[in-house]
**Student:** 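One structure coming up, written as structure tokens, with questions to follow.
All ligand and atom numbering here is 1-based and tracks the order in the structure.
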Amino acid sequence: MILTLLKSRFADALSGIADDPAQLLDMIKSSQDPKFGDYQANCAMPLGKKLGQPPRDIAAQIVERLDVADFCEPPEVAGPGFINLKLKEEWLTEQVNGILVDDRLGVTPVSEPKHVVVDYSSPNVAKPMHVGHLRSSVIGDAICRILRFAGHKVTSDNHIGDWGTQFGMIIYGYKHFVDQAGYEEDPVGELARLYRLVNQLSDYHAAVNSLPDLEQKLSAAQQALTTAEAGGEPKDKSEKKQRKALRKSVSGLEQQVGSTRKIMEAVRSSPVVSSAADEHPDIARLARLETSKLHAGDKENLKLWNEFLPACLSALQSVYDRLDVSFDLTLGESYYNPMLADVVSSLQEKGLARESDGAQCVFVEGNDAPFIIQKSDGAFTYATTDLATIQYRVKELGADEILYVVDKRQSEHFNLLFQTCQLWGFEDLKCQHVSFGTVMGDDNKPFKTRSGDNVGLESLIDEAVSRAAEIVAENDDKRPEPWLDADARAAVSEVVGSGGIKYADLHHNRDSDYKFSWDKMLATNGDSATYMQYAFARICGIFRRAETTRAFVREAGAAVRISTPQERALVLQLLSLGEAIQTALTDYRPNILCDWLLSTAERYSQFFDKCPVLKADSEELKASRLSLCELTARALELGLRLLGIKTAEVL
Ligand code: ARG
């Protein structure tokens with residue numbers, strides 16, 4: 001890897017000048033503009049500052065000691081003290097020819113592989129999967145693929161929520177409201193309906209109970225505001241502030257009253273739901289009771305649970321199949337149930353857990369909230385299960401590292417979990433919450449359907465595929481004779497549609513919220529999978545026109561020679577995959593690999609515009625450029641595959 005090589009030479013040059021070169025070595029980067037060479041080192045500036053010497057002098061000292069003559073032109077010092085490095089053309093040519101037949105594109109596996117358990121997707125079953133689960137599934141899957149390619153041992157684990165309070169709700173719903181025919185026809189659909197119904201009825205009673213109090217608070221706040229306003233304009237800053245706070249509290253309460261009334265009206269507007277609400281006033285408590293009974297081993301509830309679960313899992317599986325996402329393990333929360341009591345006693349024995357308000361809690365220094373591991377009614381929690389899971393993953397699976405690809409709103413939970421684990425005795429384990437933001441709709445609110453429901457994952461994939469089908473058909477119809485029959489069109493649309501969804505998610509910085517846009521997702525020019533697919537299909541087109549195949553070109557192995565700046569830029573890019581992978585894995589950010597793919601496609605397009613392939617000046621140049629095309633196709637294919645995206649040769 002070029003960057004590793006440069007870093008090791010810089011480390012030698014810096015020893016004796018800097019005591020802690022690690023940070024300085026991170027300042028060697030590929031340069032943005034070929035004017036400044038291929039790579040640029042900016043370490044002389046901070047070092048000069050630290051040593052109180054002019055950065056240009058420091059840069060000159062570093063260059064003096066830097067031994068890179070075997071692969072670089074003499075380094076140049078520019079501006080305030082940048083060190084510009086240009087690779088020797090012969091060396092670059094040798095490198096690119098070295099990877100012509102290498103499936104890994106010259107990326108060597110890590111020397112110290114770790115066993116990483118990746119916890120991702122992990123939906124709560126018996127609720128329909130929604131767009132939030134897409135993020136975890138797609139990001140988690142990409143991270144697993146990249147880690148494996150880098151040479152690590154990976155165990156992917158779908159930690160499904162199959163033991164939580166939603167089961168009590170479904171069991172209650174099933175016992176009182178099931179539509180038997182509907183259940184037989186579509187069990188998961190009916191269970192989802194029951195879940196929504198029980199939820200709605202519980203919310204209704206909570207709303208009814210809270211409304212009088214809310215209304216009273218609102219009228220008190222309104223009164224306080226009226227009284228304040230009766231005194232005329234605020235006299236000073238503090239009064240102004242007070243007035244503002246009052247207004248804010250009135251509008252906040254108005255909103256709460258509004259949404260509470262809405263919940264009630266929704267129930268009252270349907271006679272069936274309304275009478276169900278009247279007949280089940282205590283539904284929330286009774287549904288919780290069903291959960292406790294299940295956890296305590298109640299025969300009937302366990303039987304229902306065992307009946308519901310396979311149907312839920314197979315519904316999940318059909319989504320995973322379409323997304324081409326898979327897991328080594330699917331150990332849901334229920335798996336850890338038998339271990340939970342021991343977790344609590346172990347934490348008590350170690351003096352970490354103690355009683356507080358009847359609950360067993362771990363208090364971790366620096367955190368206001370305690371980590372509750374057993375509630376006052378004896379129930380274990382999400383936290384207890386996660387602690388048991390860590391113990392299992394370390395002791396039974398031999399994990400060195402665990403990644404949790406979970407919504408950033410759970411960061412407090414993971415913070416407490418990781419700190420508790422440290423205290424509990426897992427000091428050597430590295431844990432990371434690989435957090436992600438929310439998918440937003442056009443209105444800048446979490447992405448919902450028009451009726452306000454979460455967007456189901458299946459319907460999202462369906463829509464992406466049907467939109468992709470339009471693009472595929474349009475392209476094919478433009479040809480004098482269409483190439484694709486109906487089956488081929490459907491297959492390509494599935495690749496373009498699901499790839500589009502994945503890339504649209506992966507190319508954002510995972511921590512940020514992003515706005516969902518169909519147009520951007522399937523845009524044929526820009527940062528989208530479709531653009532990469534086009535670039536790939538365009539390369540495949542060259543081979544068709546040359547009446548050859550990629551395999552043949554690869555087999556022939558004609559040497560690449562660099563004769564234009566575009567070829568040089570493309571070659572440099574192709575040789576930097578290892579760097580992109582390393583950076584992507586530093587903080588588990590697949591978007592770094594998306595950036596690499598985008599640059600690759602862009603540099604290819606610049607090459608394609610300026611460097612004729614089939615009409616090259618000589619046969620030798622044509623062969624060289626065909627080799628470069630084949631290598632680029634392989635690079636795009638590999639990069640996309642590491643993101644879990646398939647390619648189609650024709651689009
Ligand atoms: N089931 C949880 C949810 O949907 C996510 C679980 C994440 N993994 C974990 N080990 N806590 O919110």
**Student:** Does CZ in R268 sit with more than 12 non-hydrogen atoms of other residues, nucleotides or ligands closer than 6.0 Å?
**Tutor:**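 Buried by this count: over 12 neighbours within 6.0 Å.
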**Student:** Within a radius of less than 6.0 Å around CD of Q255, do more than 12 heavy atoms belonging to other residues, nucleotides or ligands occur?
**Tutor:**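 For Q255, atom CD is not crowded (no more than 12 foreign heavy atoms under 6.0 Å).
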**Student:** For ligand 1, which atoms sit closer than 4.0 Å to a heavy atom of N124?
**Tutor:**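 In order of numbering, the contacting atoms are 1 (N), 2 (C), 3 (C), 4 (O).
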**Student:** Go through ligand 1 atom by atom and flag the ones less than 4.0 Å from a non-hydrogen atom of H159.
**Tutor:**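 Counting atoms of ligand 1 from 1, those under 4.0 Å from H159 are 8 (N), 9 (C), 10 (N).
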**Student:** Among all the protein's non-hydrogen atoms, which is closest to atom 12 (O) of ligand 1, and how far away is it?
**Tutor:**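 Answer, as residue, atom name and distance: Q410 NE2, 2.8 Å.
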**Student:** Taking both backbone and side-chain atoms of D386, is any N or O found less than 3.5 Å from an N or O belonging to ligand 1?
**Tutor:**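 Such a contact does occur with ligand 1.
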**Student:** Is it true that S346 and W424 share a donor-acceptor pair across their side chains at a distance under 3.5 Å?
**Tutor:**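 Their side chains do contain a donor-acceptor pair, which is all the 3.5 Å distance test asks for.
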**Student:** Looking at ligand 1, would V406 count as a contact under a 4.0 Å heavy-atom criterion?
**Tutor:**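 Contact present.
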**Student:** Output the list of atoms in ligand 1 that are nearer than 4.0 Å to some heavy atom of Y404, sorted by atom number.
**Tutor:**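 Going through ligand 1 atom by atom, the ones under 4.0 Å from Y404 are 10 (N).
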**Student:** Do T583 and T586 have side-chain N/O donor and acceptor atoms under 3.5 Å apart?
**Tutor:**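 Short answer, no.
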**Student:** Surrounding CD of Q180 (heavy atoms of other residues, nucleotides or ligands, distance under 6.0 Å), is the total greater than 12?
**Tutor:**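 Atom CD in Q180 is crowded, with more than 12 foreign heavy atoms closer than 6.0 Å.
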**Student:** Sort out for me which residue in K293, H295, E290 forms a side-chain hydrogen bond (donor to acceptor under 3.5 Å, both in side chains) with N301.
**Tutor:**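 Among K293, H295, E290, the one that satisfies the side-chain hydrogen bond (donor to acceptor under 3.5 Å, both in side chains) with N301 is E290.
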**Student:** For ligand 1, which atoms, with element, lie under 4.0 Å from some heavy atom of F414?
**Tutor:**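 Listed by number with element, the hits are 11 (N).
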**Student:** Any nitrogen or oxygen of D119, main chain or side chain, under 3.5 Å from a nitrogen or oxygen of ligand 1?
**Tutor:**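 Yes; at least one N/O pair falls below 3.5 Å.
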**Student:** Measuring from non-hydrogen atoms of Y120 to any atom of ligand 1, is the shortest distance under 4.0 Å?
**Tutor:**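 No.
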**Student:** I need the single residue from F380, Y392, W163 that forms a side chain to side chain contact (heavy atoms under 4.5 Å, CB included) with Y336. Which is it?
**Tutor:**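 That would be Y392.
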**Student:** Does Y382, backbone or side chain, put an N or O under 3.5 Å from an N or O of ligand 1?
**Tutor:**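 Min N/O separation from ligand 1 is below 3.5 Å for Y382.
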**Student:** Report yes if S122 has an N/O atom closer than 3.5 Å to an N/O atom of ligand 1; otherwise report no.
**Tutor:**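 Yes; the residue has a nitrogen or oxygen that sits under 3.5 Å from a nitrogen or oxygen of the ligand.
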**Student:** Is the distance between the ring centroids of H413 and F371 less than 6.0 Å?
**Tutor:**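 Yes, the ring of H413 comes within the 6.0 Å limit of the ring of F371, centre to centre.
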